[in-house]
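Heavy-atom basis, side chains included; hydrogens, waters and symmetry copies ignored. For reference, positions follow the sequence shown, starting with 1.
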Amino acid sequence: MTILSNVDINEFIKKGKIKIKPYDLNNIQGATIDFRIGDKFLVPEYYNALGKSIIELNKDFPYIKKNQKEITILPHHFILGATLEKLTLSNELCARVDGKSKIGRKGLIVQTAGHIAPGLSGKITLELYNANQIPIKIKYGQKICQIEFHELKTASTKPYLGRYFGQKGPKV
């Protein structure tokens, strides 16, 4: 597996093996491309009719949908967001998403499950956690994460067609 440089990323975009919409050439770094936060969020429903909710890992958990240009994450709270950009990968590539250092240094942890499978197409759901003692405000279009692309030695014969294929916003 090889990590793509900015030159490789541009070449793969020209060949259509990486598709990004909307695409901004200025977001390409040395070996990553920055993605921005969109305007769709899912906020856990912390309280229900019985009091504080409980998460059971083998069951779905209720989230409240929010479509807004900015959102504030309270200290030690978790929400889901989605990238502004839609990413489509060929079967020859997989990718990794990580938070930007500038964001992490303010206490916002971005993405705890960062693998992007070959063949995936859709906006990327981001797990956002405020590890700080004060609220953190996120605004639409802000650079929030970076995508690192990996070329596979052999193209995958099992492209991603699962639950998150084609997502247009955050998905549980």
Side-chain angles (χ1 to χ4, degrees), residues 1-6 8-10 12-13 18-44 46 55 57 61 63-89 93-151 160 162-172:
M1 188 163 43
T2 303
I3 296 174
L4 302 185
S5 73
N6 62 313
D8 301 321
I9 293 168
N10 277 318
F12 276 71
I13 289 170
I18 298 173
K19 294 178 185 170
I20 300 168
K21 292 182 183 173
Y23 173 65
D24 184 345
L25 179 65
N26 294 319
N27 288 347
I28 294 182
Q29 304 302 317
T32 61
I33 185 163
D34 292 339
F35 272 36
R36 300 165 291 175
I37 192 74
D39 59 359
K40 293 178 176 50
F41 301 92
L42 294 175
V43 178
Y46 290 110
I55 295 174
L57 296 180
F61 184 79
Y63 282 83
I64 301 164
K65 290 182 182 181
K66 304 252 184 187
N67 293 339
Q68 51 199 62
K69 297 289 184 186
E70 66 181 46
I71 194 162
T72 299
I73 306 174
L74 298 175
H76 309 292
H77 278 71
F78 171 87
I79 68 170
L80 297 174
T83 58
L84 173 63
E85 290 82 5
K86 174 186 175 186
L87 175 65
T88 302
L89 292 179
L93 299 168
C94 66
R96 179 114 196 117
V97 59
D98 289 305
K100 293 190 62 59
S101 177
K102 181 178 181 179
I103 301 295
R105 291 174 189 192
K106 293 180 178 163
L108 184 63
I109 298 171
V110 178
Q111 206 58 22
T112 55
H115 177 72
I116 302 172
L120 180 120
S121 183
K123 294 188 176 196
I124 307 301
T125 294
L126 301 173
E127 296 108 9
L128 305 168
Y129 177 73
N130 180 355
N132 211 321
Q133 300 294 321
I134 56 176
I136 295 175
K137 185 184 291 186
I138 303 171
K139 294 183 179 182
Y140 175 83
Q142 181 176 17
K143 292 178 183 178
I144 196 159
C145 65
Q146 52 196 347
I147 310 291
E148 179 181 83
F149 298 94
H150 304 256
E151 185 175 20
Y160 184 81
R163 175 182 190 156
Y164 305 109
F165 187 87
Q167 67 187 16
K168 295 177 171 75
K171 195 169 183 180
V172 178

query: Do I37 and I71 come close enough that some side-chain heavy atom pair is under 4.5 Å?
result: no
- prompt: Can Y129 and H77 be counted as having a side-chain donor-acceptor contact under 3.5 angstrom?
  reply: no
task: Side-chain contact test, heavy atoms from C-beta onward, threshold under 4.5 Å: evaluate it for L4 versus L93 and give yes or no.
output: yes
field: Closest heavy-atom pair and its distance - G169, T125
entry: O-OG1, 3.9 Å
- prompt: Looking at CD1 of I124 and OG1 of T83, how far apart are the two atoms once the value is rounded to the nearest 0.5 Å?
  reply: 5.5 Å
statement: Rounding to 0.5 Å, atoms CD1 (I134) and OG1 (T72) come to a distance of 11.5 Å
query: Hey, does L87 have a side-chain heavy atom less than 4.5 Å from the side chain of I18?
result: yes
query: Can you name the nearest heavy-atom pair linking K123 to Q167, along with the distance?
result: O-NE2, 2.5 Å
- prompt: Can you find a pair of side-chain heavy atoms, one from H76 and one from Q133, that are under 4.5 Å apart?
  reply: yes
Whether over 12 other heavy atoms sit under 6.0 Å from K19 NZ: no
- prompt: Taking C-beta and beyond as the side chain, do I79 and V43 meet within less than 4.5 Å on heavy atoms?
  reply: yes
- prompt: Which heavy atom of K143 sits nearest a heavy atom of N26, and at what distance?
  reply: NZ-O, 4.3 Å
side-chain contact (heavy atoms from CB on, under 4.5 Å) between Q142 and I103, worked out: CA-CA 10 Å; Q142 181 176 17; I103 301 295; 4.1 Å; yes
- prompt: To the nearest 0.5 Å, how far apart are OG1 in T2 and NE2 in H150?
  reply: 10.0 Å
query: Which distance, rounded to the nearest 0.5 Å, do you find between the CD1 of I9 and the CD of Q29?
result: 9.5 Å
- prompt: Within a strict 4.5 Å, meaning less than it, do heavy atoms of the I144 and L108 side chains meet?
  reply: yes
query: If you take all heavy atoms of E151 and F12, which pair is closest and at what distance?
result: OE2-CZ, 3.6 Å
message: Can you classify the ring geometry of Y160 versus Y164 as parallel (below 30°), tilted (30 to 60°) or perpendicular (above 60°)?
response: parallel
task: Taking the side chain as every heavy atom from C-beta outward, state whether H115 and R96 have any pair of such atoms under 4.5 Å apart.
output: yes
query: If you take all heavy atoms of S121 and T88, which pair is closest and at what distance?
result: OG-OG1, 2.8 Å
- line: Tightest non-hydrogen contact, residues L89 and A117, listed as CD1-O, 3.8 Å
statement: Separation between CD1 (I28) and CD1 (I33), nearest 0.5 Å, reads 4.5 Å
statement: Between the CD atom in Q111 and the CD atom in E127, the distance rounded to the nearest 0.5 Å is 4.5 Å
- request: Would you confirm whether K171, through its side chain, and R163, through its main-chain N or O, come within 3.5 Å as a donor-acceptor pair?
  value: yes
field: Min side-chain heavy-atom separation N27-E85 under 4.5 Å
entry: yes
